[in-house]
Number of protein chains: 2
Amino acid sequence: MKRKITLKQIAKELDVSVSTVSKSLKDSKEISKDTKEKVKAFAKLYNYKPNNIALSLKNRKTKTIGIIIPEIVHHFFTTVIRGIEKIAGDRGYNVIICLSNNSFDKEVLNLEFLANGSTDGFIMSVAKETQQKEDYHHIQEVISQGMPVVMFDRVIDEVICDKVIISDKHGAFEAVQYLIDHHCKKIAIISTVDYVSVGKLRTSGYKEALIANDFEIDEDLILKIEDVDHSEEKIEEFLKEKKIDGLFAVNEQFAVNAIKALTKLKKRVPEDVSVIGFTDGVVSKSFIPSLSTVNQHGEDMGAKAANLLIDRLENETEEQSFQTTVLDTSLIIRDSVRK
Amino acid sequence: MKRKITLKQIAKELDVSVSTVSKSLKDSKEISKDTKEKVKAFAKLYNYKPNNIALSLKNRKTKTIGIIIPEIVHHFFTTVIRGIEKIAGDRGYNVIICLSNNSFDKEVLNLEFLANGSTDGFIMSVAKETQQKEDYHHIQEVISQGMPVVMFDRVIDEVICDKVIISDKHGAFEAVQYLIDHHCKKIAIISTVDYVSVGKLRTSGYKEALIANDFEIDEDLILKIEDVDHSEEKIEEFLKEKKIDGLFAVNEQFAVNAIKALTKLKKRVPEDVSVIGFTDGVVSKSFIPSLSTVNQHGEDMGAKAANLLIDRLENETEEQSFQTTVLDTSLIIRDSVRK
DNA sequence: TTTCAACACGAAAACGTTAGAGTTGGTGTT
DNA sequence: AACACCAACTCTAACGTTTTCGTGTTGAAA
């Protein structure tokens with residue numbers, strides 16, 4: 001077991017000083033050609049690579065981005081990660097991922113830990129619990145320490161930083177508008193509780209579309225689900241008594257569960273009820289009928305967030321104008337809607 | 001913008017030496033009660049937290065685990081990550097995730113980069129391209145430098161290290177046995193090309209089950225897919241001419257595509273053909289008919305891998321006996337099979 | 001022969017931390 | 001009075017780098 005070789009060891013072997021070795025490897029013109037070549041050859045032979053930790057300490061930057069997300073077994077988040085990772089890789093950064101599991105405490109812990117030198121900045125989507133508590137001191141804290149933060153998807157208005165979101169409201173609006181334009185007269189929505197920002201926004205997009213088309217808003221057609229794990233029964237119960245011909249669900253899971261419930265209730269999709277979901281994932285594509293969805297373009301979102309963060313990290317100029325980038329959604333029409 | 005405070009700054013403010021501050025915070029008995037209290041109060045006030053990078057450099061350990069996987073938008077891998085992350089968190093470790101995108105070069109790059117001080121050890125599932133090239137020097141290299149590596153799922157026999165796998169062969173065997181036990185006489189398999197280790201193993205499990213039951217192995221009933229992205233057409237074409245009543249697919253995607261193809265071909269699942277897939281994910285649960293699968297227990301796998309790695313990191317004793325842990329699969333029977 | 005720049009290298013400090021080895025001043029023992 | 005001992009610190013080295021500032025040796029110009 002040969003430990004990684006250091007400058008010091010090379011120096012000793014070649015009987016020169018550490019600085020000479022360092023300079024040689026950086027091709028400094030202070031060093032003679034002979035010495036440089038000797039050092040380089042030796043370094044190559046022993047596969048010398050500078051120690052990142054030492055570099056980080058010296059340079060006070062780690063070239064690492066911290067990603068904090070609520071959950072990893074989640075198609076949308078993983079696409080975002082892929083987007084971040086791609087850009088980060090291209091621009092010479094690494095990513096370190098922490099999961100909050102939607103727990104406020106874990107989020108605080110992660111943030112604090114990573115802020116102590118491990119990363120140069122953060123890209124995050126906040127935990128549900130954090131949104132509920134409305135306690136953002138931990139995020140404010142790292143920002144005030146000079147670490148750039150970019151929020152995506154679930155963002156917090158009160159925190160001043162760069163943000164990347166999709167137009168949840170508009171995406172929902174378009175989906176509902178599509179339903180209205182295609183034979184639907186009575187459209188229900190399955191959403192989350194209001195403290196989840198995106199759920200709230202999508203619900204309001206739904207409402208706006210109805211209003212824009214002179215439909216009445218019937219609170220009985222709005223289901224807000226708290227506990228995602230037991231959504232299936234809730235949805236079934238909700239749909240039991242409803243005479244609807246259109247349904248908008250704020251995520252894939254709800255959409256799928258709704259279709260299952262409808263099938264149980266002997267309603268056909270899309271003949272009797274048209275369904276559109278939010279977020280495009282494997283399930284949407286594979287499902288029968290394949291699900292029409294509002295595509296969130298997660299990879300673009302991640303890429304944009306990464307670029308924003310790295311730009312800020314590399315522009316010491318520090319213009320303090322933070323931007324919120326709103327990405328377009330797009331409606332993917334598949335078989336779950338009448339055409 | 002207040003930068004994070006350091007020991008040196010605290011020392012200066014309180015007019016003591018850096019070591020006094022350090023020792024006070026560690027509650028060393030070398031320091032008087034008075035001074036300790038003063039320092040602690042000050043540190044707390046300014047929210048002092050030691051710099052991880054400096055600690056890493058000093059201690060020559062980072063308390064960080066590197067995870068290298070081929071792909072992140074992938075249900076199984078994310079469950080593994082969740083398992084790793086959970087154990088790592090509990091045991092005081094962080095995880096840093098790198099994606100190889102199934103590219104050999106990227107895998108090498110990631111490994112090299114992380115090995116230069118960024119992590120204490122690795123948990124990895126190798127890229128498809130690496131398996132194909134059979135070039136494992138990069139992995140051997142980090143191991144020879146004394147970094148523990150734990151491989152999972154797609155492991156490499158030639159590399160000597162701890163491994164966590166499932167009994168792919170046995171899982172496949174059980175699935176096929178189930179089909180045989182439940183009215184199937186002619187069972188096809190949709191697999192990957194042989195250089196993907198798990199595909200090969202599952203295929204051999206399939207064959208063994210057939211042999212064990214005195215079925216003939218018909219190479220015409222074995223489809224090996226190279227290009228996952230265009231599997232749909234391949235599968236459809238394959239199934240067109242086949243008169244089968246059972247089908248085993250080595251992953252979820254293939255299973256779903258197969259059912260779709262069968263549906264197109266006017267064959268009902270499970271009435272005409274029983275289907276079992278490998279890996280249990282959202283799609284399997286949601287699909288109609290819900291998919292019977294071989295459950296890989298990804299989270300357990302991740303947890304086991306993390307424990308193995310951390311045990312090795314923390315036991316300096318270094319007994320060089322590496323172990324391969326074989327996790328059991330379990331058959332989840334749902335609606336895609338006759339009962 | 002003196003002067004001086006160019007060359008080629010070395011020493012040291014710094015990043016933030018810790019731990020072991022000094023140092024100081026005071027008390028207690030004989 | 002001499003010594004030992006203890007409390008309560010400070011110093012120093014070390015982890016692996018980079019970079020600034022020195023410094024000794026050339027060779028050439030004056």
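Chain identifiers are assigned alphabetically (A, B, ...) following the order of the sequence lines, protein sequences preceding nucleic acid strands; residue numbering begins at 1 within each chain. Model, not experiment: these values are computed from the prediction.
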Chemist: What contact category does A:Leu55 fall into here, base, sugar-phosphate, or nothing, at under 4.0 angstrom with non-hydrogen atoms?
Modeler: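 Sugar-phosphate, no base atom in range.
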Chemist: List the protein contact pattern of nucleotides 7-15 of chain D with one symbol per nucleotide (5' to 3'): B for base contact, S for sugar-phosphate-only contact, - for none; contact means a heavy-atom distance under 4.0 Å.
Modeler: -BBBB--BB
Chemist: From NZ of A:Lys26 over to P of C:dC9, roughly how many Å is that when rounded to an integer?
Modeler: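 So the two atoms are 19 Å apart, to the nearest Å.
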Chemist: Minimum heavy-atom separation for B:Gln140 and B:Val159, please, with both atom names.
Modeler: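 Looks like NE2-CG2, 3.9 Å.
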Chemist: For the helix from C:dT1-D:dA30 to C:dT30-D:dA1, figure out the bend between the end axes, five pairs an end, and round to 10 degrees.
Modeler: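 That helix gives 90° between its end axes.
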Chemist: Taking CG from B:Asp27 and P from C:dA19, how many angstroms apart are they, rounded to a whole number?
Modeler: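 One finds 13 Å between P of C:dA19 and CG of B:Asp27, rounded.
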Chemist: Separation of B:Tyr48 atom OH from C:dG16 atom C1', in whole Å?
Modeler: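 Whole-Å distance recorded here is 7 Å.
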Chemist: State whether A:Asp120 and A:Arg312 are salt-bridged, where the test is any N-O pair (Lys NZ or Arg NE/NH1/NH2 against Asp/Glu carboxylate O) under 4.0 Å.
Modeler: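 Looking at A:Arg312 together with A:Asp120, the answer is no, because their closest N to O distance does not fall below 4.0 Å.
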Chemist: Let me know the distance between NZ of A:Lys63 and P of C:dC15, rounded to the nearest Å.
Modeler: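 My rounded result for the distance is 21 Å.
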Chemist: Rounded to whole angstroms, how far apart are CD1 on A:Ile53 and P on C:dT17?
Modeler: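 Rounded to whole Å, this separation is 14 Å.
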Chemist: Atom CG of B:Leu25 and atom P of C:dT17: how far apart are they, to the nearest Å?
Modeler: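 Distance, rounded to whole Å: 10 Å.
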Chemist: How close or far is atom C1' of C:dA8 from atom CD of A:Glu37, stated in whole angstroms?
Modeler: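 Rounded to whole Å, this separation is 15 Å.
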Chemist: Is a salt bridge present between A:Lys133 and A:Glu107, judged by a nitrogen-to-oxygen distance below 4.0 Å?
Modeler: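 Salt bridge flag = no for A:Glu107 with A:Lys133.
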